[in-house]
Trainee: 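After the structure tokens below, expect a handful of questions from me.
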There are 2 protein chains.
Amino acid sequence: MAEGSRADHGDRLSPLLRPVRAGNGFEEALEQILQVIRLGLVADGGRLPAERELADRLGVSRVTLREVLKVLADQGIVESRRGRYGGTFVRERPGPVGDGSAAELRRRIARVDVEDTLRFREVLEVGAAGLCAAQGLDEARAARLRAALDRTRDAPLAEYRRCDTLLHLTLAELCGSPSLATQYAAVRATVNDLLDCIPLLVRNLEHSQHQHTALVEAILEGDPDAAAEVMREHCAGTAALLRGFLA
Amino acid sequence: MAEGSRADHGDRLSPLLRPVRAGNGFEEALEQILQVIRLGLVADGGRLPAERELADRLGVSRVTLREVLKVLADQGIVESRRGRYGGTFVRERPGPVGDGSAAELRRRIARVDVEDTLRFREVLEVGAAGLCAAQGLDEARAARLRAALDRTRDAPLAEYRRCDTLLHLTLAELCGSPSLATQYAAVRATVNDLLDCIPLLVRNLEHSQHQHTALVEAILEGDPDAAAEVMREHCAGTAALLRGFLA
DNA sequence: AATCAATGGTTCACGGCCATACCTTATGGC
DNA sequence: GCCATAAGGTATGGCCGTGAACCATTGATT
């Protein structure tokens with residue numbers, strides 16, 4: 001008997017031997033464009049890249065991409081305009097994608113390994129914060145970080161989630177590991193999905209804001225340990241909230 | 001001018017808008033099976049899962065998978081045996097996949113963003129170590145970790161890389177985030193690729209071993225900060241080596 | 001010796017996705 | 001006012017991968 005049996009001490013292979021594609025091209029492209037919109041990477045009324053470029057970047061044909069855009073347009077999430085300086089625009093207030101019912105939410109949660117998501121998120125965030133602080137940011141990058149922080153301060157409640165996401169995403173981009181940024185974007189989309197399932201508590205927002213400020217300070221001062229520690233607490237806060245509400 | 005232009009301050013979209021598939025099914029399946037073999041997840045002479053299961057797990061058809069296996073068999077990397085208790089077996093000493101020439105190595109390095117890889121690796125490893133230490137391991141898990149550590153001690157030089165990889169991969173699996181384990185496996189495959197490009201220094205191995213021991217101790221004692229710190233130094237060592245040789 | 005079950009080996013029709021080319025619409029510059 | 005340009009809209013032929021079924025081989029079990 002060789003060692004091929006599947007369930008002997010937990011299968012070392014499963015981390016590697018996973019589906020090469022999560023679905024067909026259509027589904028994956030749809031998922032990624034939805035993530036871009038839901039993460040707020042394109043402002044309301046903003047324009048997505050042109051179809052040809054978008055198809056190219058996503059690695060799908062334009063035909064397939066257009067089927068995706070058709071669905072999004074039918075849902076009222078985007079709008080296409082023809083002619084030069086036309087394009088595909090994100091409509092104002094896209095609203096939640098699902099129907100918003102409790103059943104819908106439960107279904108969404110059920111598809112996610114919440115512990116996995118929260119842990120992975122914390123690792124990436126703490127790592128990004130540490131890296132940024134350790135390497136120091138040049139003036140341009142520091143300015144980007146400050147700008148993102150300021151935007152979270154001025155944000156109206158409805159926009160807070162988006163600005164918060166953008167701040168964290170900025171940090172992930174600045175840390176010098178594109179792979180980390182990509183993974184963070186993906187996991188953050190999942191986190192936002194979960195956050196949409198629980199109420200928004202104003203007290204938590206205030207707390208978050210203090211942490212954001214302390215975080216950016218620690219990073220700009222080049223103190224990796226402090227930055228990591230603040231970020232860890234920040235993540236732990238969200239995690240506790242989610243664990244509590246989703247338990 | 002709207003905001004669609006690609007290179008204005010670094011393109012927020014690029015982390016998300018990436019190719020939905022890195023190549024065709026054939027290429028991706030090949031890559032993943034090669035990773036499994038190169039990471040040493042299947043021992044020399046060991047058996048890969050059956051074709052039907054493998055195809056299922058990788059999300060490709062059996063026909064496509066078999067084309068992959070055909071290539072690997074032609075290269076002498078695996079061998080198929082028919083009949084019950086047959087299967088696809090990894091041949092002894094598969095050796096490096098490329099031709100081993102300096103040009104080949106350069107080409108391999110050129111395709112990788114070394115800084116990205118090293119940073120991302122450190123984040124994941126430090127995170128995994130911290131998580132393991134923080135949550136504590138039950139006896140079964142602790143035993144797995146100790147066993148993996150012991151194997152790195154007894155390993156002959158030729159097997160050291162494989163055992164080292166397995167130890168770190170075990171840690172990633174035990175941390176409680178499957179996503180992290182998956183990402184670590186991928187990044188570690190890249191790291192191993194890079195390590196194959198530089199000489200193996202015995203002194204470094206001894207140093208590594210001390211760090212491994214200290215790491216496992218810290219984890220089993222439930223000291224996250226110590227575990228993270230040891231791991232950070234451990235990664236920094238490898239990183240410095242690679243940066244030096246690949247500069 | 002016969003049987004069974006699990007595995008690799010082979011074939012084929014269908015469907016999805018792709019590459020490409022071309023058409024249509026709108027805007028700014030000449 | 002015309003036209004070049006850049007964008008969305010449309011049509012087609014081909015290939016790759018799939019799913020399913022079937023065959024062939026082997027070794028353990030009975």
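Proteins get letters first, then strands, A, B, ... in listed order; numbering begins at 1 in each.
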Trainee: Quick test: give all pairs of protein nitrogen or oxygen and nucleotides 17-20 of chain D nitrogen or oxygen below 3.5 Å, distance rounded to 0.1 Å.
Mentor:
unit_1 : atom_1 : unit_2  : atom_2 : d
D/dT18 : OP1    : B/Ser61 : N      : 3.1
D/dT18 : OP2    : B/Ser61 : N      : 2.7
D/dT18 : OP2    : B/Ser61 : OG     : 2.5
D/dT18 : OP2    : B/Thr64 : OG1    : 2.4
D/dT18 : O5'    : B/Ser61 : N      : 3.4

Trainee: Do side-chain atoms of A/Arg119 reach the backbone of B/Gly176 as a donor and acceptor pair under 3.5 angstrom?
Mentor: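 Judged by distance alone, yes, a pair lies under 3.5 Å.
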Trainee: Please list all pairs passing the salt bridge (Lys or Arg N to Asp or Glu O under 4.0 Å) test where one or both residues lie in residues 80-89 of chain A, with sequence neighbours left out.
Mentor: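 Those involving residues 80-89 of chain A are A/Glu79-A/Arg81.
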Trainee: Would you mind reading off the distance between B/Glu79 atom CD and C/dG8 atom P, rounded to a whole angstrom?
Mentor: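 Nearest whole value for this atom pair: 13 Å.
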Trainee: According to the ring pair (Phe, Tyr, Trp, His ring centres under 6.0 Å) rule, which pairs have a member within residues 161-186 of chain A, sequence neighbours left out?
Mentor: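 Counting only pairs at least two positions apart or across chains, the ring pair (Phe, Tyr, Trp, His ring centres under 6.0 Å) contacts touching residues 161-186 of chain A are A/His168-A/His212, A/His168-A/His234.
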Trainee: Could you work out, with side-chain hydrogen bond (donor to acceptor under 3.5 Å, both in side chains) as the rule, every residue matching B/Asp154, not counting sequence neighbours?
Mentor: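 Partners of B/Asp154 under the side-chain hydrogen bond (donor to acceptor under 3.5 Å, both in side chains) test: none.
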Trainee: From CG of B/Leu69 over to P of C/dT7, roughly how many Å is that when rounded to an integer?
Mentor: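 The answer, rounded to whole Å, is 14 Å.
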Trainee: How long is the line joining CD of A/Glu28 and P of C/dG16, in whole Å?
Mentor: 17 Å
Trainee: Just to confirm, is there a sub-4.0 Å distance from OP1 or OP2 of D/dG8 to any side-chain nitrogen or oxygen of A/Thr88?
Mentor: yes
Trainee: Nearest-Å distance, CD (B/Glu53) to C1' (C/dG8)?
Mentor: 15 Å
Trainee: Using five base pairs at each end, measure the axis-to-axis angle across the helix from C/dA1-D/dT30 to C/dC30-D/dG1 and round it to 10 degrees.
Mentor: 10°
Trainee: Could you list the protein-to-nucleotides 26-30 of chain C atom pairs, N/O on both sides, closer than 3.5 Å?
Mentor:
unit_1 : atom_1 : unit_2  : atom_2 : d
C/dA26 : N3     : A/Arg84 : N      : 3.4

Trainee: Assign each of B/Glu51 and A/Arg52 to its nearest nucleotide of DNA chain C by heavy atoms, then name whichever residue's nucleotide is nearer the 5' end.
Mentor: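 Per heavy-atom nearest nucleotide, the more 5' residue is B/Glu51.
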Trainee: Go through the structure and list residues passing side-chain hydrogen bond (donor to acceptor under 3.5 Å, both in side chains) with A/Asp113, not counting sequence neighbours.
Mentor: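 With sequence neighbours excluded, A/Asp113 shows a side-chain hydrogen bond (donor to acceptor under 3.5 Å, both in side chains) to no residue whatsoever.
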Trainee: Can you check whether any acceptor in the base of D/dG9 is under 3.5 Å from a donor in the side chain of A/Arg66, or vice versa?
Mentor: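 Looking at the base of D/dG9, it does not pair with any donor or acceptor on the side chain of A/Arg66 (distance under 3.5 Å).
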Trainee: Do any side-chain nitrogens or oxygens of A/Arg81 fall under 4.0 Å of OP1 or OP2 in D/dG8?
Mentor: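 Checking A/Arg81 against D/dG8: no side-chain N or O falls below 4.0 Å of OP1 or OP2.
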Trainee: Let's see if you can work this out: which of D/dG9, D/dA7, C/dT7 has an atom nearest to the side-chain heavy atoms of A/Ala50?
Mentor: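 Comparing D/dG9, D/dA7, C/dT7 against the side chain of A/Ala50, the answer is D/dA7.
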Trainee: Under the side-chain contact (heavy atoms from CB on, under 4.5 Å) rule, collect the residues that match up with B/Ala55, sequence neighbours excluded.
Mentor: B/Arg62, B/Leu65
Trainee: A/Thr238: what forms a side-chain hydrogen bond (donor to acceptor under 3.5 Å, both in side chains) with it, not counting sequence neighbours?
Mentor: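 Listed in chain order: nothing, the list is empty.
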Trainee: Around atom CZ of B/Arg161, are there more than 12 heavy atoms from other residues, nucleotides or ligands closer than 6.0 Å?
Mentor: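 Yes, because the 6.0 Å sphere around CZ of B/Arg161 holds more than 12 heavy atoms from other groups.
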Trainee: Can you run down the ring pair (Phe, Tyr, Trp, His ring centres under 6.0 Å) pairs that involve residues 36-79 of chain B, sequence neighbours left out, and say none if there aren't any?
Mentor: none
Trainee: Going by side-chain hydrogen bond (donor to acceptor under 3.5 Å, both in side chains), name the residues that satisfy it together with A/Ser177, two or more places apart in sequence or in a different chain.
Mentor: B/Asp116
Trainee: Taking only residues at least two apart or on different chains, which pairs with a member in residues 53-88 of chain B satisfy ring pair (Phe, Tyr, Trp, His ring centres under 6.0 Å)?
Mentor: none
